[in-house]
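All chains are named by letter (A, B, ...) in the order of the sequence lines, taking the proteins before the strands, and each is independently numbered beginning at 1.
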Number of protein chains: 2
Amino acid sequence: MADPRRTRLQTDERRAQLLTLGLRLFSTRAYDEVSIDAIAEEAGVSKGLLYHYFGGKRAYYLASIEHAAGGLIESLDAVPEALVGPARALAMITAYLDFVEHHGDAYGTLLSGGVGSDPEVTHLMARSREEVAARILHGVGLEAPRPVFELAVRHYIGGVEAVVLDWHDRRQLSRTVLLQFLVQQIRATLEVALALDPDAAVQLDVP
Amino acid sequence: MADPRRTRLQTDERRAQLLTLGLRLFSTRAYDEVSIDAIAEEAGVSKGLLYHYFGGKRAYYLASIEHAAGGLIESLDAVPEALVGPARALAMITAYLDFVEHHGDAYGTLLSGGVGSDPEVTHLMARSREEVAARILHGVGLEAPRPVFELAVRHYIGGVEAVVLDWHDRRQLSRTVLLQFLVQQIRATLEVALALDPDAAVQLDVP
DNA sequence: GCCATTGTTGACCGCGATTCAATGCGGTGC
DNA sequence: GCACCGCATTGAATCGCGGTCAACAATGGC
């Protein structure tokens, strides 16, 4: 446990340890309020080691965010393939909320991704959202590109991020109400999209 | 025009000039890619002056964002009071899109700051969104607090920010389709809220 | 036990944010 | 028109922090 001088770890362990720590620190304070020295001290590690594992502070931050994003996607993919239709929507939203409740800070960091609109962070977030969007569209049987539905789902995801963040920060609404709203809202959103693009082969009611 | 040595301006003018410049610079590059020196040089002003007007870089950034947020709210408030119901929704969304088309970069900065990293920026964005939310709720005749409707509107706004940012970055969809979607979506969202809170005295159909 | 590999360190460097005492422009009173 | 004063403005000095690098030591193979 204690390390009088040095502790040598496997690359993966150390990397994971640092990522988790980074997530926690960047969640607590703002990006440029967290100094490399502070991170190193907190980790009980030298500054140089951080530069050995990640290229620099920015890259470290980016990796932390990616770590969180990966966790979220993983959670969503834990939903059994067997579930379809509204039941699947319910399960996925539940998984989403569970993730937020368990890794609240990580989620917060994930969403507060912009250090003043950094292209790399923006791109990473965009890819993460596309993953979520793909899963939603897959859930209603849409595989081919459908711009209107992509728009609708993008709107939905943006809304989810907003309300869930609010919910996590200041618990004003019960989880139940939030869940109900989100389930009904995805359906309503998809119906709006269907009204604008009636030819799309979506299945909103697979039982 | 040219200033061989010094140019002395009114406090308000200089402040406005610096804010506008800041908005432009922070929109172009990431926060910590923009150095105080660069800002000062671009403004044709000394570094120290920036510290005289704003407390520091962070505060300067914050003020720039606030500037942009103010412009957006102003645009929304330019919609005539006479318009009500769906027509008002259409007008306000149009005003929103107009603002984004005219001040696209400022809008981008505004939002990427909003997702933003530190408590002050977050708080500022929250207040700005509350202003928008209040205007939407007012538009349907809701003045008293209604948690479910606040949730719904928060979701809607989050979605709008997401899709509008996407739309601004990579014009994949026509403005018309976006507009149609957003108009129908606000109605659908409010209806979902109404289903969960049937007692609310909303007016979705004032002609 | 020796050696190679590589995880790990700590002192050093330079840029950029911040400070502050000095400077001079613009308006005011006479 | 002139002297003066307040306040916008400056730029040199400071300092903290991100980043670099050559040396060091823990682990595993022989």
Side-chain angles (χ1 to χ4, degrees), chain A residues 1-23 25-26 28-65 114-121, chain B residues 1-23 25-26 28-65 113 116-118 120-121:
Chain A
M1 281 298 159
D3 40 358
R5 298 290 305 184
R6 289 186 178 190
T7 312
R8 191 192 179 105
L9 293 177
Q10 294 296 328
T11 305
D12 291 348
E13 292 176 53
R14 176 112 295 162
R15 191 181 163 84
Q17 174 210 348
L18 292 177
L19 284 181
T20 304
L21 174 67
L23 215 44
L25 291 183
F26 286 128
T28 309
R29 280 165 294 170
Y31 176 79
D32 53 3
E33 304 239 315
V34 181
S35 70
I36 290 279
D37 294 87
I39 300 169
E41 188 182 359
E42 189 98 6
V45 131
S46 80
K47 200 161 48 161
L49 196 63
L50 280 165
Y51 285 88
H52 174 71
Y53 277 93
F54 314 93
K57 187 180 181 183
R58 192 63 146 284
Y60 176 53
Y61 176 69
L62 202 66
S64 296
I65 288 181
V115 188
S117 65
D118 182 298
E120 305 213 56
V121 179
Chain B
M1 284 297 159
D3 39 359
R5 299 291 303 185
R6 289 185 178 191
T7 310
R8 191 192 180 105
L9 292 176
Q10 293 296 327
T11 305
D12 291 349
E13 292 176 52
R14 176 112 298 161
R15 192 182 164 83
Q17 174 211 348
L18 292 177
L19 284 180
T20 304
L21 174 67
L23 212 46
L25 291 183
F26 285 127
T28 309
R29 280 164 294 170
Y31 175 80
D32 54 1
E33 304 239 316
V34 181
S35 71
I36 289 280
D37 294 86
I39 301 168
E41 188 182 0
E42 188 99 4
V45 131
S46 83
K47 212 163 31 166
L49 195 64
L50 280 165
Y51 285 87
H52 173 73
Y53 276 92
F54 315 93
K57 188 181 180 182
R58 191 65 145 285
Y60 177 53
Y61 176 67
L62 201 68
S64 296
I65 288 181
S117 21
D118 74 280
E120 305 214 57
V121 179

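Every residue two or more places apart in sequence or in another chain that forms a side-chain contact (heavy atoms from CB on, under 4.5 Å) with Q10(A) is listed here: E13(A). In this structure S35(B) satisfies the side-chain contact (heavy atoms from CB on, under 4.5 Å) test together with D37(B), A38(B), sequence neighbours excluded. E33(A) pairs by the side chain to side chain donor-acceptor pair (under 3.5 Å) definition with nothing, not counting sequence neighbours. Residues forming a side chain to side chain donor-acceptor pair (under 3.5 Å) with E41(A) (at least two apart in sequence, or on another chain): none. Remark: Q17(B) engages R14(B) in a side chain to side chain donor-acceptor pair (under 3.5 Å) (not counting sequence neighbours). Not a single ring-ring contact (aromatic ring centres under 6.0 Å, His included) links Y51(A) to another residue, sequence neighbours left out. With sequence neighbours excluded, the residues forming a side chain to side chain donor-acceptor pair (under 3.5 Å) with D32(A) are R58(B), listed by chain and number.
Note on Y60(B): nothing from the nucleic acid sits closer than 4.0 angstrom, heavy atoms only. Across all strands shown, F54(B) has no heavy atoms under 4.0 Å from either base or sugar-phosphate atoms.
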Subject >> Nucleic acid footprint by protein, nucleotides 15-21 of chain C - heavy-atom cut-off 4.0 Å, B for base, S for sugar-phosphate alone >> reply: -SSBB--
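The aromatic rings of Y31(B) and F26(B) lie parallel to each other, their planes meeting at an angle below 30°, with 60° marking the opposite boundary.
When rounded to the nearest whole Å, the span between CG of L9(A) and P of dA25(D) equals 18 Å. The CD atom of E41(B) sits 14 Å away from the C1' atom of dG11(D) (whole-angstrom rounding). The nearest whole Å value for the distance from the CG atom in L49(B) to the P atom in dG24(C) is 16 Å. Across the protein-nucleic acid pair, E13(B) atom CD and dT9(D) atom C1' stand 15 Å apart, rounded to whole Å. Going from atom CD of E33(B) over to atom P of dG18(D) covers 15 Å, rounded to whole Å.
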What protein N or O atoms touch nucleotides 4-6 of chain C N or O atoms at under 3.5 angstrom, if any, and at what distances?
{"residue": "dT6(C)", "atom": "O2", "partner": "R8(A)", "partner atom": "NH2", "Å": "3.3"}

